[in-house]
Amino acid sequence: MAAPFRLYNTLTRRVEPFEPVKPGHVGIYCCGMTVYDDCHAGHARAFIIFDAFVRRLRARGWSVRFVRNYTDVDDKIIHRANERGEDPAALADRYVAAFARDAAALGLAPPDAEPRVTTSMDDIVAMIERLVGQGHAYAVDGNVWFAVRTAPRYGQLSGQAVDALGSSADPDSGKRDPLDFALWKSARAGDPSWPSPWGPGRPGWHIECSAMAARHLGETIDIHGGGLDLVFPHHENEVAQSECAHGARFSNWFMHNGLLTMPGGRKMGKSEGNAFTVVDLTAAWPAEAIRLYYLQNHYRSPLAWTPDSIAESLAMLDRLVEAREVASRMTGDGEAARLLTDLGADAAEVWRLGNAFEAAFHAALDDDFNTAAALGLAFELARAVNRFANHKRAAAVGAPVVAPALRALALLPPHLGLLQTDVGTWQAELAAKVLPRRGTSANAVDALVADRTAARNGRDWARADALRTELDALGIAVMDRDGHTTWRVRVT
RNA sequence: GGCGCCAUACCCAAGUGGUUAAGGGAGAGGUUUGCAAAACCUCCAUUCCCCGGUUCGAGUCCGGGUGGCGCCUCCA
């Protein structure tokens with residue numbers, strides 16, 4: 001059982017020691033995709049952050065139940081389907097499949113449950129009936145509205161005072177108060193609809209999450225997550241509905257990730273016409289480079305997207321992978337204490353940092369999930385490994401000295417989902433994704449390298465250098481090491 | 001107008017009032033190398049947007065500016 005950690009809570013606007021309702025068990029609900037379009041880099045930030053966060057909780061010894069929904073009934077879906085002359089359900093199914101593909105490509109661990117609105121309709125209707133029965137909601141002409149002013153603490157999450165909220169109410173809606181929002185919308189001709197006590201219709205946007213969270217995690221959940229843009233109205237309304245319906249706290253923590261912004265300062269979004277889709281990103285770059293890009297930044301900070309972002313992250317990841325490879329190639333089984341005195345200060349330093357890593361790593365991640373600080377430690381360790389590796393005897397006898405460093409780096413896969421592949425797989429993925437953009441392929445590079453090796457064997461340095469120049473132009477770094485030649489894709 | 005967030009080097013970026021302000025990328029010089037690459041070493045913020053204040057001590061706390069951003073019923 002791990003120690004409690006500190007986590008920022010949007011409800012209190014403070015970093016607080018995290019305590020789940022049931023000791024050792026954590027229930028997390030995360031708002032997933034509204035499936036009317038492809039997942040973009042902004043969505044990916046949220047999904048990767050919560051994926052890493054859940055991995056971290058589990059690796060720390062918590063038992064976690066993680067639920068992420070699909071919103072597959074929604075006005076935007078209907079609108080998009082009508083534009084395309086497509087059946088809304090078919091369109092939603094198509095984008096559910098697209099998201100599943102993107103999630104797999106990003107290396108997201110599957111949630112414990114992925115409920116959909118269409119399969120949660122009974123729970124949704126039951127919850128609305130309950131709210132109507134309690135006087136928190138009322139039906140008008142087949143619509144059901146939530147009476148915002150009956151929710152005692154409305155505004156608690158977003159810090160909005162009820163009376164300060166503006167309204168854009170449609171005067172013909174039948175709402176008693178402009179702030180009231182829809183729990184159930186009556187079907188217009190051609191809309192997808194489900195039967196209900198108020199006639200055929202579909203759920204409003206917020207009630208689904210309240211119903212699904214209660215179904216899969218109980219009336220009080222530990223952490224509710226999502227993008228900062230969901231705080232109001234979505235999460236505020238979820239709180240109101242759930243707390244009125246259940247008479248219990250809805251979620252003890254709200255965890256919101258900062259948004260991705262574009263260079264012009266504008267938010268990334270399809271409506272802005274500036275979205276980078278995950279299908280394109282994952283085709284172009286190794287998934288872990290994308291993950292590292294997001295985890296280098298604190299999850300709550302706004303993050304400006306720049307074209308070089310992923311390339312830089314790839315260079316960083318490459319550095320960690322290479323350092324781990326260098327360390328893992330070392331052999332020897334001497335006594336560490338003896339080796340440290342023989343091998344000098346650099347050995348002592350990599351030993352020290354390796355042994356100190358775990359505590360510092362946990363301290364960083366326990367401090368409001370500070371992945372950037374935790375990764376900084378890994379880079380410090382990588383440099384110490386490389387510095388030690390420069391010693392003539394390190395490769396032959398250094399294994400015991402770098403053993404703590406390897407144990408330290410082995411924390412990255414379970415805790416953050418980084419460094420999950422071995423160096424061969426990594427380089428192959430990199431080559432397969434990056435080389436086509438440069439108009440070449442791994443096979444073509446192999447052939448050029450083979451030619452160069454032949455030239456070198458014949459001591460034809462001019463030809464060898466000409467081939468190096470050619471490879472260099474393709475962004476290939478060729479390394480002659482220990483009597484044989486290897487190559488890798490240069491990323492910056 | 002209401003609610004809130006942010007400002008650290010050429011770029012990205014961490015930073016719990018207290019030793020030399022993490023880490024990465026780019027750049028310059030060096031070691032190494034047939035030449036390279038990678039790696040390592042050195043250099044790259046006497047200073048944290050500005051002005052006040054609290055304090056023995058402020059990047060960190062408070063107040064006021066300036067600039068940027070988010071939400072205020074489409075949003076991850």
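Being a predicted model, the structure only gives us computed values, none of them experimental. Below, chains carry the letters A, B, ... as their sequence lines are ordered, and counting in each starts from 1.
Comparing B:rG27 with B:rC10, their C1' atoms sit 8 Å apart, to the nearest whole Å. Of the C1' atoms belonging to B:rC6 and B:rA13, the separation is 14 Å, rounded to the nearest Å. Here the separation of B:rC3 from B:rA9, taken at their C1' atoms, is 34 Å to the nearest Å. Using C1' as the reference atom, B:rU47 and B:rG15 are 14 Å apart when rounded to the nearest Å. B:rU60 and B:rC49 have their P atoms separated by 8 Å, given to the nearest Å. With both ends at atom P, the span from B:rG53 to B:rG4 equals 28 Å, rounded to whole Å. Taking atom P on both nucleotides, B:rU42 is separated from B:rG24 by 12 Å, rounded to a whole Å. Between the P atoms of B:rG59 and B:rU33, the separation comes to 46 Å (whole Å).
Both distances falling under 3.5 Å, in either a Watson-Crick or a G-U wobble arrangement, place B:rA7 opposite B:rU66. Remark: B:rC71 base-pairs with B:rG2. Criterion, Watson-Crick or G-U wobble with two distances under 3.5 Å. Across all strands shown, B:rA58 forms no Watson-Crick or G-U wobble pair with both key distances under 3.5 Å. With both pairing distances under 3.5 Å, B:rU31 is matched to B:rA39 as a Watson-Crick or G-U wobble pair.
As a whole-Å value, the separation of A:Leu320 CG from B:rA38 C1' is 15 Å. Spacing between atom NE2 of A:His484 and atom P of B:rA37 amounts to 18 Å, rounded to whole angstrom units. Note: NE2 (A:His224) to C1' (B:rA76) measures 11 Å, nearest angstrom. The distance from atom CZ of A:Arg6 to atom C1' of B:rU16 is 9 Å, rounded to the nearest whole Å. Rounded to whole Å, atom C1' of B:rG34 lies 8 Å from atom CZ of A:Arg456. For the pair A:Asn237 CG and B:rC71 C1', the interatomic distance rounds to 13 Å; values are reported in whole Å. In this structure, the CE atom of A:Met330 is 11 Å from the C1' atom of B:rA39, given to the nearest Å. The nearest whole Å value for the distance from the CG atom in A:Asp177 to the P atom in B:rU73 is 14 Å.
In this model, a side-chain donor or acceptor of A:Asp480 finds a partner on the base of B:rC35 within 3.5 Å. Looking at A:Arg45, its side chain has no donor and acceptor atom pair within 3.5 Å of the base of B:rA76. Side chain A:Asn370 to base B:rG15: no donor-acceptor pair is found below 3.5 Å.
A:Met316 comes within 4.0 angstrom of the backbone, heavy atoms only, and of no base. Residue A:Val478 is classed as a base contact, given a heavy-atom separation below 4.0 Å to a base. A:Arg452 comes within contact range of at least one nucleobase, with a heavy-atom separation under 4.0 Å. The residue A:Gly155 sits apart from the nucleic acid: no heavy atom pair falls under 4.0 Å.
Side chain of A:Asn386 to backbone of A:Ala382: a donor-acceptor contact under 3.5 angstrom is found.
In this structure A:Ala395 satisfies the side chain to side chain contact (heavy atoms under 4.5 Å, CB included) test with no other residue, sequence neighbours excluded. For A:Ala240, the side chain to side chain contact (heavy atoms under 4.5 Å, CB included) criterion is met by A:Phe146, A:Ala151, A:Tyr154, not counting sequence neighbours. Residues passing the ring pair (Phe, Tyr, Trp, His ring centres under 6.0 Å) test with A:His234, sequence neighbours excluded: A:Trp205, A:His206. For A:Tyr299, the side chain to side chain donor-acceptor pair (under 3.5 Å) partners two or more places apart in sequence, or in a different chain, are A:Asp368.
Here A:Phe47 does not lie in a stacked arrangement on the base of B:rA76, lacking the combination of planes under 30° and ring centres under 5.5 Å apart.
Side-chain proximity of A:Ala477 to the nucleotides B:rA37, B:rA76, B:rC69 is greatest for B:rA37. Considering only side-chain atoms of A:Ala464, the nucleotide from B:rA36, B:rG34, B:rC71 that sits closest is B:rG34.
You'll find the side chain of A:Asn143 stays beyond 4.5 Å of the side chain of A:Trp184, heavy atoms only. In this structure, the side chains of A:His362 and A:His415 come closer than 4.5 Å at one or more pairs of heavy atoms. Residues A:Tyr95 and A:Asp37 meet the side-chain proximity criterion, which asks for heavy atoms closer than 4.5 Å. Taking 4.5 Å as the limit, every side-chain heavy atom of A:Asp38 sits out of range of all side-chain heavy atoms of A:Val278.
Each of A:Asp460, A:Asp465, A:Asp480 was evaluated against A:Arg452; a single residue qualifies, A:Asp480, per the salt bridge (Lys or Arg N to Asp or Glu O under 4.0 Å) test.
In this structure, a donor-acceptor pair under 3.5 Å is absent between the side chains of A:His40 and A:Arg45.
Contacts with RNA chain B (heavy atom under 4.0 Å) in residues 380-393 of chain A: A:Arg383, A:Asn386, A:Arg387, A:Asn390, listed by number.
At the phosphate of B:rG24, OP1 or OP2 sits under 4.0 Å from a side-chain N or O atom of A:Arg319.
Nearest-nucleotide assignment on RNA chain B puts the 5′-proximal partner with A:Phe379, out of A:Phe379 and A:Trp461. Between A:Val148 and A:Met33, the residue whose closest nucleotide on RNA chain B is further toward the 5' end is A:Val148.
Listed here is the closest heavy atom pair of A:Ala327 and A:Val402: O-CG2, 3.6 Å.
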Quick tally for nucleotides 3-13 of chain B: nucleotides whose base has a protein heavy atom under 4.0 Å get B, sugar-phosphate-only ones S, the rest -, giving SS--------S
